[in-house]
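One structure below.
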Amino acid sequence: MLKTFATLGLSLSCFAASSLAQADWQLENDKSQLSFVSIKKGSVAEVHHFKTLSGTISDQGALSIDIDLASAETMIPIRNERLTKFVFETLNYPSAVLTADLSNQLSNIDEESIHIIKGIEAELDFHGQKKALKIDVLVTRLENDDLTVSSLQPVIINSKDFEVTQGIKKLQELAKLPSIATAVPVTFTLTFSED
């Protein structure tokens, strides 16, 4: 499960608009989604998501996305509880945070335009560990001036990078499964509105 983040990875990338350099932007939780895929028994894949995301892009281009790890939704209550308790350890690490400096990208997004931005350098702070990520995104400026940022391809999150492998093994033991993958793909679509 762990997958997650990549979180949030995610996101980031995006927002490049000349008007971005003039205002702060807020993530719209009800128009955004961060999903991850868990794979068990070698070939059984299930899609999960986080219900609560927040974030901003400052007028200087500083991006910050906060993922509420306790809001993980797997559609099975006991699995939600075990995931947050044993893998995410939300009592000690309630959120994962993705940050990036987008100041160099804030230049070309005009009204109702679509842009691909590759190789955005971001940092994911998850479970007390920090890791650099590179993310490719599709950024769309909508008619209402919102910005939507979507992953061009999944971001792969490895449990060993964030010291959550033991938690995954605990889930495997409790669920009596032969295996649970320790690397997971994460995808996202994030919408930001001008503050």
Side-chain angles (χ1 to χ4, degrees), residues 1-14 27-55 63-99 122-131 133 135-138 148-192:
M1 306 208 131
L2 152 285
K3 343 353 206 96
T4 173
F5 322 110
T7 137
L8 321 108
L10 345 218
S11 343
L12 327 169
S13 45
C14 15
L27 185 145
E28 297 288 337
N29 186 66
D30 61 345
K31 298 178 183 178
S32 301
Q33 178 127 343
L34 175 62
S35 302
F36 59 98
V37 177
S38 65
I39 300 172
K40 61 186 180 183
K41 301 181 182 178
S43 61
V44 179
E46 297 175 286
V47 180
H48 316 297
H49 69 279
F50 292 94
K51 296 185 288 186
T52 306
L53 307 172
S54 60
L63 170 74
S64 179
I65 304 297
D66 189 287
I67 303 162
D68 178 359
L69 299 177
S71 74
E73 181 56 78
T74 70
M75 306 310 293
I76 298 176
I78 188 62
R79 184 164 60 187
N80 294 348
E81 180 182 331
R82 289 172 174 174
L83 177 63
T84 58
K85 180 177 181 180
F86 298 114
V87 179
F88 300 156
E89 296 186 286
T90 54
L91 288 179
N92 295 320
Y93 309 103
S95 64
V97 179
L98 181 70
T99 56
E123 181 180 77
L124 178 62
D125 184 343
F126 167 52
H127 200 256
Q129 306 299 312
K130 295 181 179 181
K131 180 169 177 58
L133 300 173
I135 302 169
D136 299 338
V137 299
L138 178 69
T148 296
V149 182
S150 303
S151 48
L152 278 178
Q153 56 190 8
V155 177
I156 304 300
I157 300 297
N158 289 288
S159 66
K160 63 182 180 181
D161 292 333
F162 299 98
E163 300 184 1
V164 295
T165 303
Q166 285 304 118
I168 293 174
K169 287 181 179 178
K170 180 66 174 179
L171 291 187
Q172 182 180 333
E173 174 190 331
L174 291 171
K176 298 180 173 56
L177 293 170
S179 66
I180 297 177
T182 57
V184 299
V186 176
T187 58
F188 57 90
T189 297
L190 305 173
T191 298
F192 287 79

Can you tell me how far CG of Asp125 sits from OG of Ser95, rounded to the nearest 0.5 angstrom?
-> 8.0 Å

What distance separates Arg79 CZ from Leu174 CG, expressed to the nearest 0.5 Å?
-> 13.0 Å

Heavy-atom closest pair (Phe162 atom, Lys131 atom, distance to 0.1 Å) is CZ-CB, 3.7 Å

Taking C-beta and beyond as the side chain, do Leu83 and Phe88 meet within less than 4.5 Å on heavy atoms?
-> yes

Name all residues meeting the salt bridge (charged side-chain N to carboxylate O under 4.0 Å, His left out) criterion together with Lys31; count only those two or more places apart in sequence or in a different chain, and write none if there are none.
-> Asp146

Is Thr148 reaching over with its side chain to a backbone N or O of Thr191, donor-acceptor style, under 3.5 angstrom?
-> no

Minimal non-hydrogen separation, Ser38 against His48, with atom names = OG-NE2, 2.7 Å

Residues passing the ring-ring contact (aromatic ring centres under 6.0 Å, His included) test with Tyr93, sequence neighbours excluded, are His127

Counterpart residues, side chain to side chain donor-acceptor pair (under 3.5 Å), relative to Thr189 (two or more places apart) = Ser150

Which heavy atom in Leu124 sits nearest to a heavy atom in Ala96, and how many Å separate them?
-> CD1-CB, 4.3 Å

In short, Ser179 meets Gly42 closest at the heavy-atom pair OG-N, 3.2 Å

How many angstroms lie between CG in Leu190 and CG in Leu34, if you round to the nearest 0.5 Å?
-> 7.0 Å

With sequence neighbours excluded, what pairs up with Glu163 under the salt bridge (charged side-chain N to carboxylate O under 4.0 Å, His left out) test?
-> none

Sequence-distant partners of Lys160, side-chain contact (heavy atoms from CB on, under 4.5 Å), two or more places apart | Asn158, Thr165

All side chain to side chain donor-acceptor pair (under 3.5 Å) counterparts of Glu173, not counting sequence neighbours = none

List in chain and number order the residues that pass salt bridge (charged side-chain N to carboxylate O under 4.0 Å, His left out) with Lys51, two or more places apart in sequence or in another chain; answer none if no residue qualifies.
-> Glu73

Nearest-0.5 Å distance that lies between atom CZ in Phe86 and atom CD1 in Ile168 | 13.5 Å

Looking at residues at least two apart in the chain, or sitting in another chain, which of them share a side-chain contact (heavy atoms from CB on, under 4.5 Å) with Ala175?
-> Leu177

Provide the closest heavy-atom pair for Phe192 versus Leu27 in the form atom of the first, atom of the second, distance.
-> CD2-N, 3.6 Å

Taking C-beta and beyond as the side chain, do Val37 and Val47 meet within less than 4.5 Å on heavy atoms?
-> yes

Given side chains that start at C-beta, do those of Phe188 and Leu53 come closer than 4.5 Å, heavy atoms only?
-> no

In short, Thr52 meets Ser71 closest at the heavy-atom pair N-OG, 3.0 Å

Can you sort out the partners of Ile78 under side-chain contact (heavy atoms from CB on, under 4.5 Å), two or more places apart, ordered by chain and number?
-> Ile76, Glu81, Arg82

Roughly how far, to the nearest 0.5 Å, is CD1 of Ile156 from CG of Leu133?
-> 11.0 Å

Checking Asn80 side chain against Thr74 main chain: does a donor-acceptor pair fall under 3.5 Å?
-> yes

Compare all side-chain heavy atoms of Ile135 with those of Val155 and state whether any distance is below 4.5 angstrom.
-> yes

Among all residues two or more places apart in sequence or in another chain, which pass the side chain to side chain donor-acceptor pair (under 3.5 Å) test with Gln33?
-> Ser35

Between OG1 of Thr84 and CG of Leu69, what distance do you get to the nearest 0.5 Å?
-> 9.0 Å

Go through the structure and list residues passing side-chain contact (heavy atoms from CB on, under 4.5 Å) with Lys85, not counting sequence neighbours.
-> none

